[in-house]
Amino acid sequence: MGFSSFKKGTERIETHERSCAHQEAEKAYLMTKEHAGLGAPDSNEGNFLELLKLLAHYDSILEQHMNNPVSSVTYLSHLSQNKLIAALSKETLNSTIDITRMDQFSFSLRYITKTSSSIDVASFYDLLHNSLTKDLGLNVNDLRGQAIDGARTMSGQLTGLQARVKQNCSDKAFYVHCCAHNLNLILMDAACCLCSAKLFFGTLETLYYFLTSSLPRFKILEEEQEIMQLERTVLTLKSLSDTRWASRKQATEAVIKSFPAILKALSRIQHHHNSTPKAASEADGLLSKLSTFEFMFMLVFWNDLLKRTYILSNYLQKESLDVNTAVNLIDSTVAQIRELRIEEAFDSMENTARNMARESDAATEFAEQRIRKRKTHFDKDAEDDHIEDSRHKINFGFKAEIYFYILNVFVGQFESRFSIFKKMAKLFAVLCPKWFEHPDAEEKMLELARFYSEDMPKPEDAVEEFRSFRALYSELNMDLTTDAVLPFLIANNMDRAYPHLTILHRIYKTLPISSASAGRSFSRLQLIKTYLPSCMDEARLSNLTLLSVAVRGAETFLLDWQPAFFVCLFVCQYKVVKTFGFSLCFI
């Protein structure tokens with residue numbers, strides 16, 4: 001269209017300059033102007049083309065294609081690259097299935113706000129709903145479970161994303177707080193419930209940085225380890241993190257193994273003629289802290305606690321999870337912690353800490369503490385202050401106010417935080433072959449079938465199928481886990497004979513336990529969208545992320561992951577990126 005005045009012409013030019021067509025043309029012009037062409041030795045045409053030029057030196061076919069292409073199409077431009085990446089991404093998305101023939105894939109939603117205010121749940125829901133229905137063609141009415149890491153925006157009971165999903169998509173979308181995150185919160189709560197616990201972990205972190213931030217100081221530690229013929233154990237504690245607290249077992253173990261060497265190293269650093277005043281002061285402070293019997297007892301105590309939660313923590317971080325196994329491990333962990341709530345357990349830890357103290361020439365008793373007591377009447381022994389001996393302090397002070405208190409927090413948090421998950425597991429317990437002969441098995445099966453009545457209009461038929469399969473299971477003398485029943489039905493073409501059981505086992509197989517796998521997708525972005533290619537467009541980033549995760553699938557990430565679908569929700573606020581793990585399961 002033309003224009004009748006220069007004023008209109010200026011406006012049209014400015015509008016055109018802001019258009020996508022002009023920006024793309026300008027980009028193409030700059031690429032043509034700045035790049036000398038393929039094979040030019042003095043030009044840098046970017047990582048992709050430069051790598052191709054390098055490979056062409058060793059591949060005659062590639063060299064011929066780059067220098068003398070048969071046609072004008074070389075497939076080397078960024079547009080061709082993006083088309084190839086998109087095609088590979090689409091094929092990967094459509095073809096990734098697991099052993100039970102259920103599709104497995106991941107996708108990412110990125111949401112950018114202009115303000116630092118809290119994210120609107122409605123916007124989150126719209127993004128999620130559109131991605132599931134329009135982009136992936138899924139029926140949200142088939143949603144049967146969701147696991148979230150606990151952020152209030154996501155997990156709010158009334159206004160959170162999980163509540164909106166249940167209201168608008170499916171009321172059978174069972175919500176479970178990510179079990180891995182729940183365990184982490186339990187450990188955090190116990191570690192922060194008392195000042196003494198906070199100081200203990202703060203001291204461990206300070207110790208790690210003090211000894212490892214300086215090569216000369218770390219060499220002194222290694223020398224002391226060699227003198228004492230100790231195994232060289234690198235302190236594994238790193239900066240305090242809100243994730244995977246159970247892994248701190250490695251940190252406490254490292255300190256215990258090298259404790260005498262650590263004390264000697266700190267003493268040498270404190271008195272070393274090359275130590276700065278600051279280093280000498282820090283060494284003196286750490287030496288004073290570590291030499292107390294309280295610290296050594298806490299070291300033994302927390303090492304024992306973290307050992308008892310370590311197996312559960314590792315299991316909840318796995319890609320393939322089983323509900324019954326998770327519940328059994330949770331119950332087992334709680335039982336192990338309850339075992340510590342007796343006098344004998346405290347005494348055993350006290351003896352271990354005392355032996356460690358003797359080996360290090362450190363204090364072997366709890367420090368005395370001045371305790372103010374109430375004034376008595378004039379006819380009784382009146383004392384305002386009384387200094388208790390250390391044994392009294394142990395029995396009525398440290399033991400009750402610290403040791404048992406932390407254990408009570410542990411047990412209480414386990415019971416409250418996993419209550420919803422265990423309720424869900426109890427509902428599906430009847431699917432476990434070990435439950436087949438339970439007197440209430442048929443009643444429990446009917447209860448489960450009625451809960452999912454939308455998926456099976458006649459719940460009574462599920463009970464009939466259960467009786468039939470139970471008889472077959474007993475007759476064939478089979479030994480299957482709950483997780484193995486569905487593959488067995490499919491492999492033997494029995495899924496049509498037992499349609500209701502198959503549906504219930506499909507739901508069970510995709511029940512969300514942890515969103516830890518969703519979180520792992522975020523780590524792939526750090527490898528893909530690094531500082532240099534930070535201007536990568538969203539479509540290319542999304543496709544490359546999917547391909548990267550699929551490649552990791554060779555390590556059983558996608559092909560052996562329990563929840564059938566998960567969504568990674570990215571929230572970009574200026575330069576701050578918030579991430580939320582969000583797992584969904586569909587039948």
Side-chain angles (χ1 to χ4, degrees), residues 89-111 121-148 154-155 160-176 178 323 424 427-428 431 448-459 461-462 465 486-487 489-490 495-496 498-513 515 517-518 521 542 546 549-550 558-559 561-569 580-587:
S89 175
K90 183 178 180 180
E91 182 64 23
T92 301
L93 190 65
N94 292 333
S95 63
T96 306
I97 59 174
D98 73 356
I99 194 170
T100 58
R101 303 178 190 175
M102 291 186 292
D103 288 324
Q104 307 276 359
F105 59 88
S106 74
F107 62 98
S108 301
L109 306 180
R110 311 190 78 233
Y111 184 81
V121 175
S123 301
F124 260 137
Y125 175 79
D126 291 340
L127 270 173
L128 177 63
H129 189 272
N130 290 337
S131 295
L132 292 174
T133 56
K134 296 180 180 179
D135 298 341
L136 298 171
L138 297 174
N139 185 356
V140 294
N141 293 326
D142 292 336
L143 183 63
R144 292 296 176 267
Q146 48 181 328
I148 308 177
M154 311 289 282
S155 63
L161 180 62
Q162 66 89 11
R164 187 162 298 218
V165 168
K166 294 184 71 172
Q167 294 166 4
N168 301 335
C169 295
S170 170
D171 61 350
K172 294 298 186 291
F174 218 119
Y175 161 65
V176 173
C178 167
V323 174
M424 179 189 72
L427 180 65
F428 282 86
L431 295 181
L448 177 62
R450 284 175 175 170
F451 184 81
Y452 289 105
S453 58
E454 296 178 6
D455 302 314
M456 46 192 75
K458 296 182 179 180
D461 290 349
E465 292 180 15
L486 181 60
L489 293 174
I490 295 174
D495 48 327
R496 294 185 179 181
Y498 299 98
H500 294 78
L501 276 183
T502 300
I503 289 174
L504 291 175
H505 276 281
R506 283 169 57 192
I507 296 174
Y508 173 83
K509 287 278 288 185
T510 55
L511 283 176
I513 300 176
S515 61
S517 292
S521 288
S542 177
L546 176 60
V549 173
L558 288 176
L559 302 184
W561 185 58
Q562 182 264 337
F565 301 90
F566 68 81
V567 186
C568 304
L569 299 175
F580 301 93
F582 187 66
S583 302
L584 303 177
C585 75
F586 289 76
I587 61 168

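Residues L132 and L143 fail the side-chain proximity criterion, which asks for heavy atoms closer than 4.5 Å. Between L431 and H505, some side-chain heavy-atom pair lies under the 4.5 Å cut-off. Using a 4.5 Å heavy-atom threshold, the side chains of Y498 and L489 count as touching. Looking only at side-chain heavy atoms (C-beta outward), F451 and L427 come within less than 4.5 Å of each other.
The minimum heavy-atom distance between K458 and H500, with the atom names listed, is O-NE2, 3.8 Å.
Note that the SG atom of C169 and the CG atom of D142 stand 11.0 Å from one another [nearest 0.5 Å]. Rounded to the nearest 0.5 Å, atoms CD (Q167) and CD (Q162) are 8.5 Å apart. The OG1 atom of T502 sits 11.0 Å away from atom CD1 of I507, with the distance rounded to the nearest 0.5 Å. In this structure, CZ in R506 is found 10.5 Å from CG in L504, a value given to the nearest 0.5 Å. Note: T133 OG1 to L128 CG = 9.0 Å, rounded to the nearest 0.5 Å.
Judged by distance alone, the side chain of E465 and the main-chain N or O of L501 form a donor-acceptor pair under 3.5 Å.
In this view, Y125 satisfies the side-chain hydrogen bond (donor to acceptor under 3.5 Å, both in side chains) rule with no residue, not counting sequence neighbours. Not counting sequence neighbours, the partners of S170 by the side-chain hydrogen bond (donor to acceptor under 3.5 Å, both in side chains) test are R144.
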